[in-house]
Amino acid sequence: MKDLKSSDIEKIKKLKAGDHLFLSGTIYVARDRVLNEMEKKKIFPSFLKDSIIYHAGPTEKNEKGFLSFGPTTSKRMDRFLPFLFENGVIATIGKGERDVDIHKKYGKIYFLAFGGLGSLYGSKVKSIEPVLFKEFKSEALFRIDIDRFPLIVFIDKSGKTMIKQEK
Amino acid sequence: MKKIDKNVVDKIVNLYREISINPSTFVKKEILKEKPKSDIEKLFIDAYVDNNRLSFKNRTPLCQDTGHLSVFIEIPSNFCFDFDIEDELKKRINSETKKFGFRYSIIDFKGKYSNSPSVYIFQSKRKNVKIVLMAKGGGSENLSKLFMLNPSFSLEDISEIVVKSVKEAKDRGCPPYILGIGVGKSSLESLFFSKLALTGKFNHNRKDFEKKLSEKILKDSLNVKTGFGGLGFGKTVIDCRVIIKERHIATLPLSIQFNCFQERVGVLYL
């Protein structure tokens, strides 16, 4: 298992489909509503350039201060990929298969996080801060610091996938 | 006439929390049966086990999608509610969502978030009140299907359509899946019975043809190689629960519902 930081951009770009790793560092969280709003209003904050976007929506923190924060289905967000990639996002994280051709076209990476395991991913989120569209609650754009997220490279920059995709 | 006490609201809300934190014993057994052969398979199984441990330790929901809660209530004819159960539940669940560390996953068209359940009450010949809860996330819910088939279709044809739907679902709803199949009545009821079947708490697979269809689907779906977490290992479908009802002579409604591997179902009796 490799350990990588989100700032290791060149190393991330070289990852191959099927590689598995622990990712740490700062990443951003965006899902359906906020991406729709950003695209519609042509808002793309400069801090998202060279960033990794995690498709997810956290729970509230419970009375013990813990939260659950696993990935959501990426497929729904495929329509926003050209917008993200053209603005410099280097990779996305989510659950489930997604459009391979777009990744191949832009030479970008898609990381698979395991769905349904919110407590595990939540325990690895060290800080969380809504940075845009805070009124969207769990669907806001968040900046998070993560410590060793278990991930698999599902699609690499050449468009290779870890599992043969049936169309 | 016996009135149902308002304490039932506490019982339902507490059960909702428990089913969201404790993994389904049936699913756990099915997942841990599988022996991982590669590093990635081991990573998935270890992550699943670790998630169960962390949910228990931190009291966090197994999945951040704490779902849309459906509450099915079977009441004998001599019982009644003298308060608005759906309204009371809505208030309590919304006020506890923060404390429980759940998510406000429900949104209205004005963009307001909440965590509102749906409640269904129906009469039964039972002697006591039976309440079944099912919390279901958006990923698996998006895989739901309704087909209005030709009445000449056989059980084999139905199985073929179900297995095709499982294949097309790929890994979008967190496999391994549990299927709920509703056949018969009208389009509305077939969907409703498929949801009841999915809970596993309403006499599914009792009739010979229900059992036969379930077995056929389970057998045929072994050829779908999506597997655990879409990683191509383990069964894609671990259970198939079928309810078949009578139908109009010109129709054959078939509804398919998927549950993810974080099956969150609970039952209580009053």
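First the proteins, then the strands, lettered A, B, ... as listed; each starts at 1.
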Would you name the heavy atoms of [X] and [Y] that are closest together and state the gap between them?
| X | Y | value |
| --- | --- | --- |
| A:Phe136 | B:Tyr113 | O-OH, 3.2 Å |
| A:Arg76 | B:Asn142 | CD-ND2, 4.0 Å |
| B:Ala47 | A:Leu120 | CB-CD2, 3.6 Å |
| B:Arg172 | A:Thr73 | O-OG1, 3.1 Å |
| B:Asp171 | A:Glu97 | OD1-N, 2.9 Å |

Working note: B:Thr60 + A:Ser68, criterion side chain to side chain donor-acceptor pair (under 3.5 Å); need CA distance, chi angles, decisive distance, verdict.
CA-CA 6 Å; B:Thr60 44; A:Ser68 189; 5.4 Å; no

For A:Gly116, is there any backbone N or O sitting under 3.5 Å from a side-chain donor or acceptor partner on B:Gln262?
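Checking the backbone N and O of A:Gly116 against the side chain of B:Gln262, a donor-acceptor pair under 3.5 Å is found.
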
Is there a donor-acceptor pair closer than 3.5 Å between any side-chain N or O of B:Lys98 and the backbone N or O of A:Lys61?
no

Check this for me: does any side-chain nitrogen of one of A:Glu135 and B:Lys110 sit under 4.0 Å from a carboxylate oxygen of the other?
no

B:Lys99 and A:Glu63 ion-paired at < 4.0 Å:
no

Can you tell me which portion of [X] sits under 4.5 Å from chain A's heavy atoms? Options are side chain, backbone, both or neither.
| X | result |
| --- | --- |
| B:Cys174 | both |
| B:Phe228 | neither |
| B:Arg264 | neither |
| B:Lys225 | neither |

Please state whether the side chain, the backbone, both or neither of A:Phe69 comes within less than 4.5 Å of a heavy atom of chain B.
backbone

Which answer fits A:Ile152, side chain, backbone, both or neither, if we ask what part of it has an atom under 4.5 Å from a heavy atom of chain B?
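Contact with chain B involves the side chain of A:Ile152 alone.
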
So do B:Ile40 and A:Met162 actually touch side chain to side chain, heavy atoms under 4.5 Å?
yes

